[in-house]
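Reviewing the structure listed below.
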Amino acid sequence: MTISFNYKTVKRPDWTEVRTPSIPIVLFGEESFETVALLDSGADISAIPKDIAEILGLDLSSKHGTAYGIGGRTETIDTTMGILIEKGHEKYSFRIPVKVILGAYDFPILLGRDGFFDKFVISFNELQEKVSLKRFTGRN
């Protein structure tokens, strides 16, 4: 089955608004957190801010690393988290690798390719401002 989501209006740090291919999700570790995440085909891996990782109770004991992105270079911790995507009778729950960003950055939760995009056939429809996720079964 395929689930579709309308793009969401999000506020940028400068208070301007933009429509983005963001989807409602639940993140979980020891605790859960409902939010909206940006589907980022340019991101190798998913990323969340440290404060959300702490709310989720994620394991932050691994060695610090470095990530490079549009904001430059930043210190990170690699870990995993659970993710739940649900709409109507469709429900997908799995674990994904994630980089926890340690700096004081204001950015949306990013869902990147590793561990997320490889689970779905994803279609972006810019004209209709919709994103569709079709669960990859190996036969798609």
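Quick caveat, the model's predicted, so the values are computed rather than measured. Numbers for residues simply follow the sequence, beginning at 1.
In this structure, N125 and V131 have side chains that are not in contact, with every pair of non-hydrogen atoms separated by 4.5 Å or more. Using a 4.5 Å heavy-atom cutoff, the side chains of E90 and R135 are not in contact. The shortest side-chain heavy-atom distance between F5 and P24 falls under the 4.5 Å cut-off. In this structure the side chain of V100 never reaches within 4.5 angstrom of the side chain of T76, judged on heavy atoms. Put simply, the side chain of L27 does not reach to within 4.5 Å of the side chain of V98, judged on heavy atoms. In this structure, the side chains of I83 and F94 come closer than 4.5 Å at one or more pairs of heavy atoms. By the 4.5 Å heavy-atom criterion applied to side chains, I96 and M81 are counted as neighbours.
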**Item:** CA sep, side-chain torsions, deciding dist, call: F117, S41, side-chain contact (heavy atoms from CB on, under 4.5 Å)
**Value:** CA-CA 8 Å; F117 275 59; S41 63; 3.7 Å; yes

**Derivation of the side-chain contact (heavy atoms from CB on, under 4.5 Å) call for D78 and K99** = CA-CA 5 Å; D78 291 340; K99 287 202 177 283; 2.7 Å; yes

**side-chain contact (heavy atoms from CB on, under 4.5 Å) between F116 and L111, intermediate numbers included** = CA-CA 7 Å; F116 185 83; L111 295 176; 3.9 Å; yes

**Message:** Run T35 and I25 through side-chain contact (heavy atoms from CB on, under 4.5 Å) and show every step you take.
**Reply:** CA-CA 6 Å; T35 189; I25 60 171; 3.8 Å; yes

Distance-only check: which donor-acceptor pairs under 3.5 Å involve side-chain atoms of residues 43-57, not counting sequence neighbours?
from: D44; atom 1: OD1; to: R113; atom 2: NH2; distance (Å): 2.5
from: S46; atom 1: OG; to: G112; atom 2: N; distance (Å): 3.0

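Pairs engaging residues 116-129 under the salt bridge (Lys or Arg N to Asp or Glu O under 4.0 Å) rule: R19-E129 [sequence neighbours left out].
The side chain to side chain donor-acceptor pair (under 3.5 Å) check on D114 picks up nothing, with sequence neighbours excluded. In this structure, D59 has no salt bridge (charged side-chain N to carboxylate O under 4.0 Å, His left out) partners at least two apart in sequence or on a different chain. For the side chain to side chain contact (heavy atoms under 4.5 Å, CB included) test, residues two or more places apart in sequence or in another chain that qualify with S93 are F28, L84. E31 meets the side chain to side chain contact (heavy atoms under 4.5 Å, CB included) test with no other residue; sequence neighbours excluded.
Between S4 and S132, the side chains place a donor N or O and an acceptor N or O closer than 3.5 Å (distance only, hydrogens not considered). N6 and K130 share a side-chain donor-acceptor pair at under 3.5 Å.
In terms of hydrophobic clustering, with Ile, Leu, Val, Met, Phe, Trp and Tyr side chains grouped at heavy-atom distances under 4.5 Å, L38 and V26 are assigned to different clusters. Cluster annotation: L110 is not connected to V10 through the hydrophobic network of ILVMFWY side chains, with a link wherever side-chain heavy atoms come within less than 4.5 Å.
E34 CD: 12 or fewer foreign heavy atoms inside a 6.0 Å radius.
Summarising the geometry of L58 relative to T80, their closest heavy-atom pair is CD2-O, 3.5 Å, with the distance given to 0.1 Å.
Each of I3, L39, I85 was evaluated against F120; a single residue qualifies, I85, per the side-chain contact (heavy atoms from CB on, under 4.5 Å) test.
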